[in-house]
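Just below is one structure, and these are the notes that go with it.
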Amino acid sequence: MIDRIEALLDEGVRDKVYPGAVWAVGDSSGTRATGTTGALDPDEPEARMQPDTVFDAASLTKILAVWSSIGAFWEDSVLDLDQPLGGFWPEVEGRPLGQVTARQLLTHTAGVPLRAQLKNLYGTDPQTIRRGVFHEELHRSPGEAVEYTDRAALILGYLAEYLSGQSLDQIAAARTWQPLGMSSTRFGPLPDPIAARCAPTELDQETDTHLKGIAHDFSARLLGGVCGIAGAFTVLDDLTRFLRYMLDPATAPAEAGFRSEWTARSLTVQTGGLEPARGLFWHPAPGTSEAQDVWVHYGFTGTGMWISPANDRWAVLLTNKLYYTRDHQPLTDIRNTFRELAFA
């Protein structure tokens, strides 16, 4: 398995799918195989990818910060996933969003608009953006279709802040990252010493330099670096800790806010007969059957993590493919082959 994974990922470097990659495969007891390939930055080829390279997690933020925090509130019986938001959240009461439930947001069936477009629609003031998101008309009736949208995580991030009275970065750190020992996971912008270890992403047109230690996602930058959509940075070891805890909470130094019941429900199809099938933010890995029980979440920058309770297996593949291109197909092919090898 290791040789084939290394050959696959080395080929991705040669084909300029990404400058470099960091990966690992393991189970609840630990890491079974791990490796790195390629350069941190093609402009500095002598600086290689390292096991502790920091990556812009992009949409993995939705799992690391939002899904985990919402799970903590559900475990604490603070949140009923099926109660319409308007029934307990004054900011959305009487608004179209008020008829939506947290479960519908977690399954991407809420019918909220598909694009964020926060600056175009609401300007640059964070409070005006928040109010605009809460007052927006629905794109379609809740429960009608599965349509992935960043707004689901943005709204749930706001919900977590409302339920706790804390900011999302404070909630995630206190309820998930600190208990699990995820000491290198944090929202950006990153301080210079940590940013130096960060894999650069897309070329920023304003500065003519590749983003490094600053979230690629425009919504996250607009909102000061912290939001439900994106903005977290992480390293391989922290994701390993997170996934091992999902498989067996006893592996962690302390218990996180979310526990086994939340994980079990989330890694179960929650969308009935609607397609594509979804759990709670997680979804079945492409090309796998229900019996294989492999779940995945990706990040736009080139990150991804997979988990299978039935096989007691997890896998992580971190790349900065966005350095080269927004074309997702070459990385999609590599991801699918990587998953096949990791869960063989």
Side-chain angles (χ1 to χ4, degrees), residues 59 61-63 65-118 121-122 126-168 171-172 175-176 219 223 226-229 257-259 261-283 297:
S59 280
T61 302
K62 295 176 171 71
I63 296 295
V66 178
W67 173 82
S68 59
S69 297
I70 292 296
F73 295 125
W74 179 81
E75 295 272 14
D76 292 346
S77 299
V78 171
L79 176 64
D80 178 348
L81 296 186
D82 297 308
Q83 182 180 3
L85 300 181
F88 63 92
W89 195 3
E91 287 177 282
V92 302
E93 184 180 1
R95 303 291 176 179
L97 186 59
Q99 63 186 294
V100 167
T101 68
R103 187 186 304 277
Q104 289 167 338
L105 290 167
L106 287 161
T107 55
H108 292 284
T109 60
V112 297
L114 302 186
R115 299 285 302 281
Q117 297 182 302
L118 303 182
L121 291 171
Y122 318 120
Q127 287 306 313
T128 305
I129 291 170
R130 181 186 176 106
R131 190 161 53 249
V133 169
F134 289 161
H135 294 181
E136 191 66 70
E137 296 292 330
L138 296 182
H139 163 69
R140 64 166 78 238
S141 299
E144 188 176 294
V146 178
E147 295 175 310
Y148 182 88
T149 167
D150 281 338
R151 282 183 180 244
L154 179 64
I155 294 163
L156 287 170
Y158 286 143
L159 175 60
E161 292 178 335
Y162 166 71
L163 292 173
S164 68
Q166 295 179 297
S167 60
L168 183 61
I171 305 164
R175 300 302 303 272
T176 304
S219 297
L223 295 170
V226 180
C227 79
I229 295 173
F258 77 92
R259 298 184 286 280
E261 185 63 25
W262 179 247
T263 297
R265 289 185 181 234
S266 299
L267 304 182
T268 305
V269 173
Q270 300 280 335
T271 43
L274 296 176
E275 293 289 343
R278 286 263 172 189
L280 302 180
F281 266 11
W282 295 86
H283 63 91
H297 206 288

query = Tell me, which pairs form a salt bridge (Lys or Arg N to Asp or Glu O under 4.0 Å) where one or both residues lie in residues 85-95, sequence neighbours left out?
reply = E91-R130
Heavy-atom closest pair, residues L121 and A116 = CD1-O, 4.0 Å
note = Between the CZ atom in R151 and the CG atom in L156, the distance rounded to the nearest 0.5 Å is 13.5 Å
task = Take T61 and C227 through the test side chain to side chain contact (heavy atoms under 4.5 Å, CB included) and record every step on the way to the result.
result = CA-CA 9 Å; T61 302; C227 79; over 6 Å; no
request  = Supply the atom-to-atom distance T149 OG1 to I155 CD1, rounded to the nearest 0.5 angstrom.
outcome  = 7.5 Å
remark   = With sequence neighbours left out, the residues meeting side chain to side chain contact (heavy atoms under 4.5 Å, CB included) with T268 are Q270
query = Is there a side-chain contact between Q104 and V112, using heavy atoms and a 4.5 Å cut-off?
reply = no
task = Using modelled atom types only, decide if a donor and an acceptor are shared between the side chain of E75 and the backbone of W262 within a distance under 3.5 Å.
result = yes
key: Partners meeting salt bridge (charged side-chain N to carboxylate O under 4.0 Å, His left out) with R265 (sequence neighbours left out)   = E261
query = Which heavy atom in L105 sits nearest to a heavy atom in F281, and how many Å separate them?
reply = O-CE1, 3.6 Å
key: By side chain to side chain contact (heavy atoms under 4.5 Å, CB included) - contacts of V92 (at least two apart)   = L85, W89, L97, F134
ask   = Quick one: side-chain hydrogen bond (donor to acceptor under 3.5 Å, both in side chains) partners of W67, sequence neighbours excluded?
value = S266
key: Full working for side chain to side chain contact (heavy atoms under 4.5 Å, CB included) between T107 and L274   = CA-CA 10 Å; T107 55; L274 296 176; over 6 Å; no
With F88 via ring pair (Phe, Tyr, Trp, His ring centres under 6.0 Å) - residues at least two apart = none
message = Just verifying a value: how many Å separate F258 CZ and T176 OG1, rounded to the nearest 0.5 Å?
response = 6.0 Å
request  = Kindly give the heavy-atom pair with the smallest separation between I171 and S69, and that separation in Å.
outcome  = CG2-OG, 3.5 Å
remark   = By ring pair (Phe, Tyr, Trp, His ring centres under 6.0 Å), Y122 pairs with (sequence neighbours left out) none
request  = Rounded to the nearest 0.5 Å, what's the gap from NZ on K62 to CD1 on I229? Could you check?
outcome  = 6.0 Å
ask   = D76: what forms a salt bridge (charged side-chain N to carboxylate O under 4.0 Å, His left out) with it, not counting sequence neighbours?
value = R175
key: Residue list, side-chain hydrogen bond (donor to acceptor under 3.5 Å, both in side chains) with R140, at least two apart or on another chain   = E144, E147
request  = Determine whether V133 and I129 make a side-chain contact, defined as any pair of heavy atoms from C-beta on separated by less than 4.5 Å.
outcome  = yes
note = Contacts of S141 meeting side-chain hydrogen bond (donor to acceptor under 3.5 Å, both in side chains) (sequence neighbours excluded), chain-then-number -> none
inquiry  = Could you work out, with side-chain hydrogen bond (donor to acceptor under 3.5 Å, both in side chains) as the rule, every residue matching Q99, not counting sequence neighbours?
reply    = none
ask   = Taking all non-hydrogen atoms of both residues, which atom of A102 and which atom of L79 are closest, and how far apart?
value = CB-CD2, 4.2 Å
inquiry  = For residues 272-281, which residue pairs pass the salt bridge (Lys or Arg N to Asp or Glu O under 4.0 Å) check, not counting sequence neighbours?
reply    = none
ask   = When you measure from the side chain of H283 to the backbone N and O of A277, does any donor-acceptor pair fall under 3.5 Å?
value = no
ask   = Is there side-chain contact between P276 and Y148, with heavy atoms separated by less than 4.5 Å?
value = no
remark   = Of all heavy-atom pairs linking A160 and L168, the shortest is CB-CD1, 4.4 Å
key: Heavy-atom side-chain contact between L223 and L154 under 4.5 Å   = yes
request  = Please report the shortest heavy-atom distance between L138 and P96, naming the atom on each side.
outcome  = CD1-O, 3.8 Å
